[in-house]
Amino acid sequence: MTPAVNRLSHLTNADLHCHSTISDGTLEPEAIAERAAANGVELWALTDHDEIGGQARARAAAHAQGMAYLTGTEISVTFAGETIHIVGLGFDADDDALREGLARTRGGREARAREMAAGLAQVGIRGAYEGALKYVGNPELISRTHFARFLVEAGHCSDTNEVFRRFLTDGKPGFVPHRWARLGEAVGWIARAGGVAVIAHPARYSRFTPTEEYALFSEFKAHGGGGVEVITGSHTAAEAQKYGAMALEFELLASRGSDFHAPGESRTDLGTLPDLPGALTPVWTALAGRVSWPA
Ligand code: AMP
Ligand code: MN
Ligand code: MN
Ligand code: MN
């Protein structure tokens with residue numbers, strides 16, 4: 001065992017999925033780092049949607065808190081007509097093809113947001129675009145989450161879950177179908193930048209038939225994908241068991257991340273997840289050379 005791998009083999013509290021104000025979280029990267037460290041996180045990755053603009057700040061903040069760091073992002077992908085998410089970990093954040101691919105993926109968000117607001121206006125919700133913008137930290141990254149926060153503030157719903165259910169999901173007035181990156185593109189950008197691509201929260205793609213889910217895993221693997229989130233904030237114990245078995249079946253590395261967005265809004269806090277099951281290979285053992293350690 002090389003010293004770097006040996007150092008990682010003692011590590012259990014990795015949290016490799018969360019969001020800052022650079023995408024749809026409410027905390028700055030430094031505040032997330034502080035919260036993660038206070039909760040015992042030893043290895044952290046900030047994974048903002050379609051964006052790596054927070055990576056340098058996150059790495060510096062991680063080190064200031066004594067945590068090891070892996071670069072991260074969560075790419076929006078359209079697969080079999082549905083939106084799925086691919087987390088990238090341990091890539092070179094200066095990679096040009098990755099940066100251009102992410103910029104292109106972000107590119108349609110502004111027009112989509114204006115269409116979402118037009119749909120909401122038709123059911124009597126006025127000023128949603130301007131309202132959502134008040135919550136946006138990064139002008140290139142206006143998301144449904146920002147609309148949800150505005151609709152709660154304006155008194156249309158009591159929490160963001162209700163907003164998604166009533167207004168922001170397929171068939172509802174504020175939903176605008178959108179074409180994101182292709183699976184092979186997203187996986188390729190991450191892999192060619194030296195990182196590992198990971199299927200995010202697989203149990204959330206509930207509209208997939210078993211055949212479509214199998215296609216996702218096999219095509220992901222064929223494109224060079226390397227891991228799957230087994231332990232995430234949105235998995236039940238039974239779902240973690242199912243995707244642990246899928247990780248073994250498809251020979252994928254296992255990842256662990258809270259998907260934390262905001263205090264009081266996210267179900268799971270940073271660093272508070274169950275451990276990865278022992279039979280699985282943690283994704284970070286394959287990224288030993290990509291981890292940046294505090295001084
Ligand atoms: P977008 O990338 O603009 O489509 O927004 C997707 C984001 O919306 C996800 O990353 C979650 O943060 C959030 N989201 C999706 N579904 C829900 C839900 N049912 N309740 C709360 N937040 C959700
Ligand atoms: Mn989000
Ligand atoms: Mn996601
Ligand atoms: Mn996420």
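Order of listing sets the numbers, starting from 1, for every ligand and every atom in it. Residue numbers count from 1 along this sequence.
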Looking at side-chain heavy atoms only, is the closest gap between I142 and F147 below 4.5 Å?
yes
Of all the N, O or S atoms in D24, which has the shortest distance to the Mn ion (ligand 2)?
OD2
Quick one, R106 with E51, criterion salt bridge (Lys or Arg N to Asp or Glu O under 4.0 Å). Give me CA distance, side-chain angles, the key distance, then yes/no.
CA-CA 8 Å; R106 287 195 297 275; E51 175 64 277; 3.4 Å; yes
Has E82 got more than 12 heavy atoms of other residues, nucleotides or ligands less than 6.0 Å from its CD?
yes
For the Mn ion (ligand 3), the closest N/O/S atom belonging to E74
OE2
Can you tell me if an N/O/S atom from D259 lies under 2.8 Å from the Mn ion (ligand 2)?
no
Using 2.8 Å as the threshold, say whether any N, O or S atom from H17 sits that close to the Mn ion (ligand 3).
no
For the Mn ion (ligand 2), does an N/O/S atom of H261 lie at less than 2.8 Å?
yes
The Mn ion (ligand 3) to H85: nearest N/O/S atom name:
ND1
Counting C-beta onward and ignoring hydrogens, is there a side-chain heavy-atom pair between I52 and F91 closer than 4.5 Å?
yes
Write the atom name of the N, O or S atom in H49 that is nearest the Mn ion (ligand 2).
NE2
Pair H19-E74, side-chain hydrogen bond (donor to acceptor under 3.5 Å, both in side chains): steps then yes or no:
CA-CA 9 Å; H19 301 273; E74 181 177 19; 2.9 Å; yes
Just checking, is any N or O donor in the side chain of D24 or H146 under 3.5 Å from an acceptor N or O on the other one?
no
Identify, chain by chain and in numerical order, each protein residue with a heavy atom under 4.0 Å from an atom of ligand 1.
D24, H49, H85, R109, R112, S143, R144, T145, N161, F164, H261
Specify the closest pair of heavy atoms between L248 and A279, including all atoms of both residues, with the distance to one decimal.
CD2-O, 3.8 Å
Under 6.0 Å from the CD atom of E249, do we count more than 12 heavy atoms belonging to anything else shown?
yes
side-chain hydrogen bond (donor to acceptor under 3.5 Å, both in side chains) between H63 and S292, worked out
CA-CA 8 Å; H63 293 171; S292 81; 2.9 Å; yes
